[in-house]
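I'd like to ask you about the structure that follows.
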There are 2 protein chains.
Amino acid sequence: MISIAIVEDIEEIREPIFEFLQTQKEFVVLFASGSVEEFFDTFDPELPPDIILLDIGLPGISGLGAIKLIKEKLPKTEIIMLTVYDDANKIFQAISSGASGYLLKNTPLEKIKESVIEVANGGAQMSSSIARKVFNYFNNNVSTDSEYSLTKKEKEIVAQIVDGLSYKMIAANLGNSIETIKTHAKNIYKKLHVNSKAEVVAKSMRGEI
Amino acid sequence: MISIAIVEDIEEIREPIFEFLQTQKEFVVLFASGSVEEFFDTFDPELPPDIILLDIGLPGISGLGAIKLIKEKLPKTEIIMLTVYDDANKIFQAISSGASGYLLKNTPLEKIKESVIEVANGGAQMSSSIARKVFNYFNNNVSTDSEYSLTKKEKEIVAQIVDGLSYKMIAANLGNSIETIKTHAKNIYKKLHVNSKAEVVAKSMRGEI
DNA sequence: CAATATCTACCACAAACGTGGTATTGTTTA
DNA sequence: TAAACAATACCACGTTTGTGGTAGATATTG
């Protein structure tokens, strides 16, 4: 019998999963929480769940941030992330933080069941499509790492993007035409595999440049 | 005897400090450079300075960017930032990058002397947690007018902005109309005193939200 | 020398963003 | 209970971005 807890803020997603898993003879669903904080208030330290289905985009402490917290307090509990995004970055962060599985929220209930059983039996649940994404993530961050090298000018521009300046202002600061800055920005985007200033800022501040 | 190096591009600032510190019996000023690059060319790896007085706004590699470089190569060297700005943000960045002190350029020479001695004796060691407090102190002084507290919904939206999503995608993820997301974004911008997604990302990743 | 990389700059067009409004429905709280 | 806040959503308009091109001027280097 596999004990499960669900942490998911959206009732429309949480409840169907809850109901379904509860009807399965292999499982006992201990409880479902709407946030990480609620989870920590609710769970019984004597009876930690075997598996936690954890939403990635929770209000307050995010699911991603919660992984480490949960792993610290409940080292034996396996975590399966639930998410609407199939973003390689998030998947990588989740897996490398200690999550054992990663499911999209539109995954059929039967598949969720299979995944839970697999993870409970010590197998890491990773579908081949997700495996590919994780692989690509590493590929992008290792092999591209050398090509991640921005030129001096490009780095200057990144710095000003991070400061929130418009291309017009950057052009004025660096004494270029706005079109020049846009050309550099295009090249930066290609090198970093992004397509917005916001992503450049995030990548830069994560130290990934 | 405390050994010191000065990295400051403006001669009118560098020289007086150099001259003054050299006359003090507690100090030996090894050399003064006009840039970080020059510093790395000049310094003797066998005789790393105890203290570096480092300008924050240097041409080429900025002082802020140099902190990590210096700390890597010279882990025992303490860094005191020199600056004309008393911008809480820059101070925070400097301190959290590993600088041990922060002096405005118009600080009286005697005060500079005191600070150097204090830092050399391990006194003004600032942990990153203290840095955050320092930062909060400045932050509270600057932004008394506005409540920085975002609502639950607003935080959700910020999270997705940080992930680089367009308003269209955010709307789809959260099940809202694009106009709703834009309205929330407007409110977020007002609360944070910004006017672009890139600035929201930067603020969020600096932990200022 | 020829290839490569960097920096410069322009055009054009669609998409997205930022900002000013207004307005309805609930919920919270002073 | 009236006021304030939170969340929803629409309109309109100008600005900014993002993306597809092309292309000349200088290094740099194999």
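In what follows, chains are A, B, ... by sequence order, proteins preceding strands, each numbered from 1. Reckoned from all heavy atoms, side chains included, excluding hydrogens, waters and symmetry mates. On a predicted model such as this, the values are computed, not experimentally measured, just so you know.
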Close N/O contacts between protein and nucleotides 28-30 of chain C (under 3.5 Å):
none

For this session: Take atom CD1 of Ile188(A) and atom C1' of dT6(C), then tell me their distance rounded to the nearest Å.
Result: 13 Å

Exercise. dA7(D) C1' sits how many Å from Ile170(B) CD1, rounded?
Worked result: 16 Å

Exercise. Distance-only, no hydrogens or angles: does the Glu8(B) side chain make a donor-acceptor pair with backbone N or O of Ile10(B) under 3.5 Å?
Worked result: yes

Exercise. Of Ala198(A) and Gly175(B), whose closest DNA chain D nucleotide lies nearer the 5' terminus?
Worked result: Gly175(B)

Problem set entry | Rounded distance in Å - CD1 (Ile181(B)) to C1' (dC11(D)) | 18 Å

Problem set entry | Rounded distance in Å - CG (Asn187(B)) to P (dG18(C)) | 14 Å

Exercise. Starting at CD1 of Ile178(B) and ending at P of dC11(D), how long is that distance when rounded to a whole Å?
Worked result: 13 Å

Problem set entry | Within the 6.0 Å centroid threshold, strictly below: Phe18(B) and Phe31(B) | no

For this session: Answer yes or no for Lys73(A) and Phe43(A): cation-pi contact, defined as NZ/CZ to six-membered ring centre under 6.0 Å and angle to ring axis within 45°.
Result: no

For this session: Take atom NZ of Lys182(A) and atom P of dG20(D), then tell me their distance rounded to the nearest Å.
Result: 13 Å

Exercise. For Asn176(A) and dT8(C), is the shortest distance between a side-chain N/O and OP1 or OP2 below 4.0 Å?
Worked result: yes

Seminar exercise, completed: In whole angstroms, the gap separating C1' of dA7(D) from NZ of Lys152(B) amounts to 12 Å

Problem set entry | Candidate nucleotides dT8(C), dA7(D), dG18(C), ranked by approach to the side chain of His184(A) - the nearest | dT8(C)

Problem set entry | side-chain N/O Asn195(A) vs dT19(D) OP1/OP2, d < 4.0 Å | yes

Seminar exercise, completed: From CD of Glu179(A) across to P of dT6(C) the rounded distance in Å is 21 Å

